[in-house]
Every structure is written in structure tokens, then in C-alpha cells.
Amino acid sequence: MQQRATVLETDGKIAVIKVSRASMCEGCHKLGGDGGCGGHCEITGLVAGNGKTMTARAQNNIGAVAGDKVEVESDSGRVIGYAALVFILPIVVCGLFYWLGSMVFDSTLGAVLSAAAGFALSFFGIAVFDKMKRNKLPDIKITRIIGQNEDGQLN
């Protein structure tokens, strides 16, 4: 997935970029005046701004500086994988815990309580994965500088 962005700041080989919301955000049930998603998209790892833009960390191997207009790229398969992690994993774990609970407790109440515990546990696992992921290189890469920086110099 390719998109245009503006570099807000750089720190070595990592840049903070601002991007307009992708069309994938359209129709999201969490959209609202403040982004609605609490400021952090669980699918892409982007941070929501004013509801129209988001910030994200990106690999900056080409030396873009603050103010540059850039083209960024991320692997679509990876984004789909993160979406599956957030939306499908909790349902699968919930079903698995329901089945296990019905085998262990031999009652509907036990199965339902087990399913609820599995559902909550899956989000704990996603939170741990997210924390580990933040310490690694971002999945988004700056591929090309297409505009000027703040000093008005063409790059």
C-alpha cells in the first residue's frame, strides 16, 4: 500500500510522518469527532490525529527531513495480517474457550464464562504483541522524497 505523507520529525533512521486517513478508515464503527478509535488504530498501528490525519513511525533510509513531502509504502499483506489478529483471533479464541469450558464444566454457564475469559485473554495477548512490536523497526518505509522541506529547498 502506497501513500503520500509529510515528515514531522526525524531521529536517525526513524521518522514520524503525518498521513491522511486511508479509505480503509471510511465506514469504521470507531470513527467520530476525535478519531473515535481512542487515537490508536489497532489495525495499522497509526495514531489518529484530528480525525482526518494520522501519525506513524516510518523507516527513513533515504534521509528525508522535517517538512519533506514523501511517498511511503507498507506491505498490504502485513496490514491484512494485523487486521486478522485484531478481529479474527478474539473470535477464534472465544470459540475455543467455549468448547473447552463445555468439556470441563459440563454446563452452559461454565462454557460461557470460559468463552468470556478467552475473549479477554486474547486482547491481553494482542496488547503484549503490540508492546513487543513497538520496539522493532516500523513496517512503513519512506520510499521517495517528492516535495520541499520547511526551508523551501527542493529535494
Side-chain angles (χ1 to χ4, degrees), residues 1-101 114-150 154-155:
M1 175 168 61
Q2 290 184 334
Q3 203 165 359
R4 292 188 176 197
T6 302
V7 177
L8 298 177
E9 62 185 72
T10 60
D11 182 16
K13 297 284 185 183
I14 303 295
V16 176
I17 58 171
K18 178 175 72 171
V19 295
S20 295
R21 281 193 185 264
S23 60
M24 65 184 239
C25 293
E26 298 301 320
C28 179
H29 71 284
K30 293 186 175 187
L31 282 178
D34 65 346
C37 52
H40 185 264
C41 179
E42 295 169 342
I43 299 171
T44 62
L46 298 174
V47 179
N50 61 6
K52 297 188 188 310
T53 61
M54 296 181 166
T55 60
R57 295 174 58 235
Q59 292 181 41
N60 182 19
N61 296 327
I62 62 172
V65 296
D68 282 349
K69 306 291 184 209
V70 294
E71 189 171 273
V72 296
E73 186 175 80
S74 60
D75 181 21
S76 296
R78 193 170 291 232
V79 172
I80 291 170
Y82 293 149
L85 177 72
V86 171
F87 294 110
I88 296 173
L89 180 69
I91 294 169
V92 170
V93 172
C94 183
L96 177 66
F97 272 61
Y98 180 87
W99 178 75
L100 289 172
S114 294
F119 191 72
L121 187 62
S122 69
F123 285 105
F124 174 75
I126 291 169
V128 169
F129 174 79
D130 182 51
K131 189 130 182 120
M132 290 178 4
K133 184 87 177 99
R134 288 184 193 195
N135 295 329
K136 296 187 178 187
L137 280 176
D139 294 327
I140 302 169
K141 296 177 185 170
I142 297 175
T143 57
R144 185 169 67 108
I145 299 173
I146 55 177
Q148 298 180 338
N149 66 21
E150 296 176 329
L154 187 61
N155 290 311

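Any value given below was found using the heavy atoms of this structure, including those in side chains, with hydrogens, waters and symmetry copies removed. Computed from a predicted model, the values in this text were never measured in an experiment. Along the sequence shown, residues carry numbers from 1.
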J.: Between V7 and V16, is there a side-chain heavy-atom distance shorter than 4.5 Å?
T.: no
J.: Taking side chain to side chain donor-acceptor pair (under 3.5 Å) as the definition, give me every residue that meets it alongside T6, ordered by chain and number, with sequence neighbours left out.
T.: K69
J.: Do Y98 and S114 come close enough that some side-chain heavy atom pair is under 4.5 Å?
T.: no
J.: Do you know the tightest heavy-atom contact between I126 and P90?
T.: CD1-CG, 4.1 Å
J.: Decide yes or no for I62 and T143: does some side-chain heavy atom of the first lie under 4.5 Å from some side-chain heavy atom of the second?
T.: no
J.: Heavy atoms only: give me the nearest V93-G118 pair and the separation to one decimal.
T.: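 What the structure gives for the nearest pair is CG1-O, 3.2 Å.
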J.: Could you tell me which residues satisfy side chain to side chain contact (heavy atoms under 4.5 Å, CB included) with N61, sequence neighbours excluded, listed by chain and number?
T.: K13, Q59
J.: Distance from E73 atom CD to Q2 atom CD, nearest 0.5 Å?
T.: 4.5 Å
J.: For E9, give me all partners under side chain to side chain donor-acceptor pair (under 3.5 Å), at least two apart in sequence or on another chain.
T.: none
J.: For T10 and A64, which heavy atoms make the closest approach, and how far apart are they?
T.: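 For T10 versus A64, the nearest heavy atoms are CG2-O, 3.2 Å.
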J.: S122 versus V92: any side-chain heavy-atom pair under 4.5 Å?
T.: no
J.: Under the 3.5 angstrom rule, does the side chain of D11 hit a backbone N or O of I14 as a donor-acceptor pair?
T.: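 A pair under 3.5 Å: no.
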J.: How would you list, by chain and number, every residue that makes a ring pair (Phe, Tyr, Trp, His ring centres under 6.0 Å) with F129, sequence neighbours excluded?
T.: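 Scan of F129 (ring pair (Phe, Tyr, Trp, His ring centres under 6.0 Å), adjacent residues dropped) gives none.
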J.: Let me confirm one number: the CG-CZ distance from L89 to F123, rounded to the nearest 0.5 Å.
T.: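 Those atoms lie 8.5 Å apart.
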J.: Shortest non-hydrogen contact from I140 to R57?
T.: CB-O, 3.9 Å
J.: Could you pull out the closest heavy-atom pair between A117 and F97, with the gap in Å?
T.: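 Heavy atoms only, the tightest pair is C-CD2, 4.5 Å.
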J.: Suppose we screen for salt bridge (charged side-chain N to carboxylate O under 4.0 Å, His left out). Which residues come up paired with E71, at least two apart in sequence or across chains?
T.: R144
J.: If the condition is side chain to side chain donor-acceptor pair (under 3.5 Å), which residues does R4 pass it with, not counting sequence neighbours?
T.: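 Once residues adjacent in sequence are excluded, R4 has no partner under the side chain to side chain donor-acceptor pair (under 3.5 Å) criterion.
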J.: To the nearest 0.5 Å, tell me how far Q3 CD sits from S74 OG.
T.: 8.0 Å
J.: Between CG of N60 and CG of D68, what distance do you get to the nearest 0.5 Å?
T.: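 Result: 8.5 Å between the selected atoms.
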J.: With the side chain counted from C-beta on, respond yes when I142 and I17 share a heavy-atom pair under 4.5 Å apart, and no when they do not.
T.: yes
J.: Calculate, to the nearest 0.5 Å, the distance between atoms CD1 and CG belonging to I80 and L85 respectively.
T.: 14.0 Å
